[in-house]
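See structure below.
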Amino acid sequence: MADSDVGAASDAYGSEGGGRRSGRAVTVAAGVLAMATLAVGCGPQDPGADALRQPSARATTAPPAPSPSPTDDGKGAAGAVTTEPAPTTPPASPSAPQQPAEPVTAPPPTARPSTAPPPPRVLLRTGSEGPQVSELQARLRQIGHFGRTPTGYYGTVTAEAVRSFQAKRGTEATGATDTVTWRRLLAMTRTPTADELDPPTERPVAEPDERCLTGRVLCISKKSRTLAWMIDGRVVSAMDVRFGSEYTPTREGEFPVFWKSRDHVSTLYDTPMPYALFFSGGQAVHYSADFAANGYGGASHGCVNVRDKAKVAALFDQVKNGDKVVIYW
């Protein structure tokens, strides 16, 4: 319908119905106009008015935002609306104050249990003395590792004998008697007899000199290297002894004991002389740790050395000043 036809129809309605029909005519005219609009496919529309009437369509996939131009500070072309990217965490400003980091305390290291077995406990070593040392020496002698009579003193000879035993059995050759060495030695030997533990002397006691047959006498033979403590011809005790070297010989003859000194130390050689029984000048019968340790490999400075400490200690208690000392071949 053309625009002129619409105007004519309006006039016809106005003249036919007058004022009473004016409202009805307007309604009919509006309906006719709406039908004409639908017939021509909606025609051009005011974008602003259409936006108010039409429901907005839901966006499915947003178009990618245009990359900002290097010269537009991210604003895009004039008048265009740009879509800003989602905000991200801004990097820390170099000038912004930094919060101090919490100190990290490492946990203390966990001690790992040691898997190595503890070393065996040492029972006897160089310098040890007493009955157990005598037993050690007697047992070593039974199997050929100790060639002397027990002295009760753990010196270099005993340490070497223990070292030899250990090396032959494949254990560490320390020379000290530990629990492993002692157990193996016990398994290979028998309990020593009293004579094995405390023999009178290493060598047979010599026939006494005639001067030793009466009274109280320390009867000392250089030939047998023995000392026999005798009372009226009877041997009370006997022990091994050694003498001075050719440069410091032990004097021979008959002498009285004139001085006893239990814990004596030599003023000439600054060496201990325990249980000293002086009989001629500075010469005395006394215990010698060197003799106990090294045997007849050494010599005294003229004294009569005794290597059995227990025996010479007992002798010291029995001998009195004035008792005789007889030294002979």
Judged by atom type as modelled, is there a donor-acceptor pair below 3.5 Å linking the side chain of [X] to the main-chain atoms of [Y]?
X	Y	result
D232	G215	yes
T250	G244	yes
S288	N305	no

Spacing of [X] atom [atom1] and [Y] atom [atom2] [to the nearest 0.5 Å]:
X	Y	atom1	atom2	value
Q318	L277	CD	CG	11.0 Å
I220	C212	CD1	SG	8.5 Å
L197	T149	CG	OG1	11.0 Å
R184	R169	CZ	CZ	9.0 Å
S237	L315	OG	CG	5.5 Å
R183	T177	CZ	OG1	13.0 Å

**Report entry** Intermediate values then yes/no, side chain to side chain contact (heavy atoms under 4.5 Å, CB included), W329 and E252
**Finding:** CA-CA 8 Å; W329 279 97; E252 300 168 18; 2.7 Å; yes

What's the shortest heavy-atom distance between [X] and [Y], and which atoms?
X	Y	value
A206	S221	CB-OG, 3.6 Å
A293	G155	CB-CA, 3.5 Å
P120	D178	CG-OD2, 3.7 Å
V205	A228	CG1-CB, 4.2 Å
H145	S164	ND1-OG, 3.1 Å
G302	Q283	O-CD, 3.3 Å

Indicate, with yes or no, if [Y] and [X] share a hydrophobic cluster defined by side-chain heavy-atom contacts under 4.5 Å among Ile, Leu, Val, Met, Phe, Trp and Tyr.
X	Y	result
V257	V312	yes
V326	V319	no
I231	L218	yes
V285	F243	yes
V325	W229	yes

**Q.** Lys/Arg-Asp/Glu bridge criterion (N-O < 4.0 Å) met for D240, K311
**A.**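 Result for this pair is no, no salt bridge flagged.
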
D323/K260 ion pair, N-O < 4.0 Å: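 No, D323 and K260 are not salt-bridged.
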
With R139, the side chain to side chain donor-acceptor pair (under 3.5 Å) member among Q142, Q137, E135
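Single pass found, and it is E135.
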
Taking salt bridge (Lys or Arg N to Asp or Glu O under 4.0 Å) as the test, write out the residues that go with [X], two or more places apart.
X	result
E254	none
R163	E160
R190	E196

Point to revise | Test disulfide bond (SG atoms under 2.5 Å apart) applied to C303 - qualifying residues, sequence neighbours left out | key: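 Not a single residue meets the disulfide bond (SG atoms under 2.5 Å apart) criterion with C303.
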
(message) Is it the case that the side chains of T248 and H301 hold a donor-acceptor pair, with the cut-off being a distance below 3.5 Å and no angle test?
(response)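 Distance-only check fails for H301 and T248.
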
**Message:** Checking side-chain polar atoms at under 3.5 Å, does Q166 have a donor or acceptor matched by the opposite partner on T171?
**Reply:**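 No, because no side-chain N or O of Q166 sits under 3.5 Å from a partner of the opposite role on T171.
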
(message) With heavy-atom distances below 4.5 Å as the criterion, would you say the side chains of R262 and F316 are in contact?
(response)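 In contact.
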
>> Is there a side-chain contact between C219 and L227 in this structure, where contact means two heavy atoms from C-beta onward sitting under 4.5 Å apart?
In response: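 Side-chain contact under 4.5 Å: no.
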
(request) Apply side chain to side chain contact (heavy atoms under 4.5 Å, CB included) to the pair T214 and K324, showing each step before the final yes or no. (result) CA-CA 10 Å; T214 58; K324 291 190 298 184; 3.9 Å; yes

_Which residues end up grouped with Y154 if you chain together Ile, Leu, Val, Met, Phe, Trp and Tyr wherever their side-chain heavy atoms are less than 4.5 Å apart?_
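Answer for Y154: L123, L124, V133, L136, L140, I143, F146, V157, V162, F165, W182, L185, L186, M188.
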
Check: Got a sec, which residues hit side-chain contact (heavy atoms from CB on, under 4.5 Å) with S280, two or more places apart in sequence or on another chain?
Finding: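 Listed in chain order: R251, F255.
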
Apply side chain to side chain contact (heavy atoms under 4.5 Å, CB included) to R307 and R148, showing your working.
-> CA-CA 12 Å; R307 68 177 177 184; R148 302 177 181 181; 4.0 Å; yes

Before you tell me yes or no, could you show the steps for K222 and Y328 under side chain to side chain contact (heavy atoms under 4.5 Å, CB included), namely the whole-Å CA-CA distance, both residues' side-chain angles and the distance that decides it to 0.1 Å? CA-CA 6 Å; K222 283 188 173 181; Y328 65 100; over 6 Å; no

* Asked: Heavy-atom count around D270 CG within 6.0 Å, excluding the residue itself: above 12?
  ->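 Result for CG/D270: open.
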
- Item | Ring centre gap for F291 and Y296 strictly below 6.0 Å |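 Ring-ring flag for F291/Y296: true, centres closer than 6.0 Å.
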
Looking at Y275, Y287, W259, which one forms a ring pair (Phe, Tyr, Trp, His ring centres under 6.0 Å) with H264?
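When Y275, Y287, W259 are each tested with H264, the ring pair (Phe, Tyr, Trp, His ring centres under 6.0 Å) holds only for W259.
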
